[in-house]
Colleague: 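One structure coming up, written as structure tokens, with questions to follow.
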Amino acid sequence: MAPNPLAPAWLALPSDANALAPGLWPATTRRTALGELEIGGVAVSALVAEFGTPLYVIDEADARSRAETLRHVFETEFARIGAEVHVYYAGKSFLSIEIVQWMLDAGLNIDVCTTGELAVALAAGAEPSRLGYHGNNKSLAEIDEAARVRIGSIVIDSEIEIARVAAAAARHGVTLNVRLRVNSGVHASTHEFLATSHEDQKFGVVLDDAARLVALIRAEPSLRFIGLHCHIGSQIFGADGFAESASRLLRVHAALLEGGPVPELNLGGGFGIAYTSVDTPTPIGELAVALADIVAAECAQLDIPVPVIAFEPGRVIIGPAGATLYEVGTTKPVDVSGNTRLYVSVDGGMSDNIRPALYGADYTVRLANRVSAADPVLVRLAGKHCESGDIVVNADYLPGDVTPGDLVAIPATGAYCWSLANNYNYLGRPPVVAVLGGNARTLVRGETIADLLARDAGPRMTRTSTLDSVSTSSTSELGAVMTGSGPTSPTSPTSDNDEGTIR
Ligand SMILES: *Cc1c(COP(=O)(O)O)cnc(C)c1O
């Protein structure tokens, strides 16, 4: 077989379209003897029978171990150069009460950037001292709330915020630890970085302004300056952008030491992950070595003590630990100048994963309920929304007999999928379940029609739907018909609260 000419150049024709590429899937993902996928010891058919589709699945052991490993390797490498490391989990990548607890268990702190994220962290029992607060436009109420709970640290993102944060801290009688977010002029993406004298973007202040602004911060008795902060981008594969940024920051850090203590330097997050088999992010252990080396070398050259180094990874911890399950509803071959692209439409889309529409992000898809020896065909996995850009996987190969009722799985959806989910077309956001040791449990339940209608203030004229309080679990009606593997009744309630998720 030859590759389909419609396939992007990077996409190889697989010798086995059932194979799971290494490094893409949650660590416990495997195929059972019957050929279906299982994650955390739970077969996808069982997950879908209980929770329906679409379904976000998080491999708990994998998420916890990624958090622990990351902290461990960074602590080890920076201990080698005599430095302490503080790791903050970037909550915006995916935050729920249990996830916060896993991260705290792993010895991580938590970054939040709104009152909502703060509320989740506090509900999880996080000590406020282990929380960092971010954002380029924190409201006065948000700053006040952060000060009231005695947040561990807060980032000042613009000159205007100095007085706001100082006033809130004074009002609550606390001294707040503050970082100043700067723009190092380095902006990095997957394979390259751009280094300029400053960046044209909304976050942070230009490096040349840092000395003046830190003097203003130091003049505020209710603020304690702890160091510079910089986040150079996301989904970054190499260490070079971080190295360039760190060396620029350390020069300013050294100058700031002349005016008072600067205990810390925060180098942000952005460590990349693999979404497809051609993605090759630098392993986290190698990144830790490279970053510790560059920090040590720069500090030696500047003749300054190595500060505490802080990091804020999100995606690299939770992204690869997650996968999304969908059910195939329709398939449609489309002829494109003599070649065929098979459109495979699933029961979710840009409402549960907006990254392809937002960033042109690529993903991988595999049949989840079975293996097949059929020849691979080029597919585009589309969602069900009223938008032609509603694509989940732009291009991959699946066995050519993929059919309605099949389950498909997308790896690496743990980060920036649920957290960016929306209700386009009045789809409810799907549930998130954790799998561990053969058991599955709900982290966040799915939304129901009742949830969606609850916020609509219009007077009810008729009973709008018979589905608003009964289960509408999309637990495979098609699958039950096609394969006999579905539930006994398509209206059997889901386990978490007797309200199904809506499709
Ligand atoms: C988004 C963000 C992060 C986390 O980025 P990842 O790519 O998920 O590691 C960390 N710090 C700041 C300030 C961010 O905005």
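Positions are given from 1, in the same order as the sequence printed here. In each ligand, atom 1 is the first atom listed, and ligand 1 is the first ligand listed.
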Colleague: Given 3.5 Å as the limit, does a donor-acceptor pair link the side chain of D59 with the main chain of G40, or not?
Modeller: no
Colleague: Can R248 be said to sit on top of F193's aromatic six-ring, NZ or CZ under 6.0 Å from centre and within 45° of the ring axis?
Modeller: no
Colleague: Does an N or O anywhere in P313 fall below 3.5 Å from an N or O of ligand 1?
Modeller: no
Colleague: Any side-chain donor paired with an acceptor under 3.5 Å for R429 and S351?
Modeller: no
Colleague: Tell me: protein heavy atom nearest atom 3 (C) of ligand 1, and distance?
Modeller: H231 CE1, 3.4 Å
Colleague: In terms of residue, atom name and distance, what is the protein heavy atom nearest to atom 1 (C) of ligand 1?
Modeller: K92 NZ, 1.5 Å
Colleague: Scan for salt bridge (Lys or Arg N to Asp or Glu O under 4.0 Å) pairs involving residues 75-84, sequence neighbours excluded, and state none if there are none.
Modeller: R71-E75, E77-R80, R80-D293
Colleague: Checking H134 against E312: is there a side-chain donor and acceptor pair closer than 3.5 Å?
Modeller: yes
Colleague: In the protein, which heavy atom is nearest to atom 8 (O) of ligand 1, and how far is it?
Modeller: Y416 OH, 2.6 Å
Colleague: Which protein non-hydrogen atom lies closest to atom 7 (O) of ligand 1, naming both residue and atom, and how far is it?
Modeller: S234 OG, 2.3 Å
Colleague: Is it the case that H187 and Q201 place a side-chain donor and acceptor less than 3.5 Å from each other?
Modeller: no
Colleague: Distance under 4.0 Å to a non-hydrogen atom of R181: what atoms of ligand 1 satisfy this?
Modeller: 13 (C)
Colleague: Could you tell me, atom by atom, which parts of ligand 1 come under 4.0 Å of a heavy atom of A90?
Modeller: 3 (C), 4 (C)
Colleague: Which residue supplies the protein heavy atom nearest to atom 9 (O) of ligand 1, what is that atom called, and how far is it?
Modeller: G270 N, 2.8 Å
Colleague: Compute the shortest N/O to N/O distance between R315 and ligand 1 and return yes if it is under 3.5 Å, no if not.
Modeller: yes
Colleague: Verify whether one side chain among D144 and H172 offers a donor that lies under 3.5 Å from an acceptor in the other.
Modeller: yes
Colleague: Determine whether the aromatic ring centres of Y89 and F311 lie less than 6.0 Å apart.
Modeller: no
Colleague: Which residue and atom name correspond to the protein heavy atom nearest atom 11 (N) of ligand 1, and how close is it?
Modeller: E312 OE1, 2.6 Å
Colleague: Atoms of ligand 1 less than 4.0 Å from H134 heavy atoms?
Modeller: 13 (C)
Colleague: With heavy atoms of G269 as the reference, note each atom of ligand 1 found under 4.0 Å away.
Modeller: 9 (O), 10 (C)
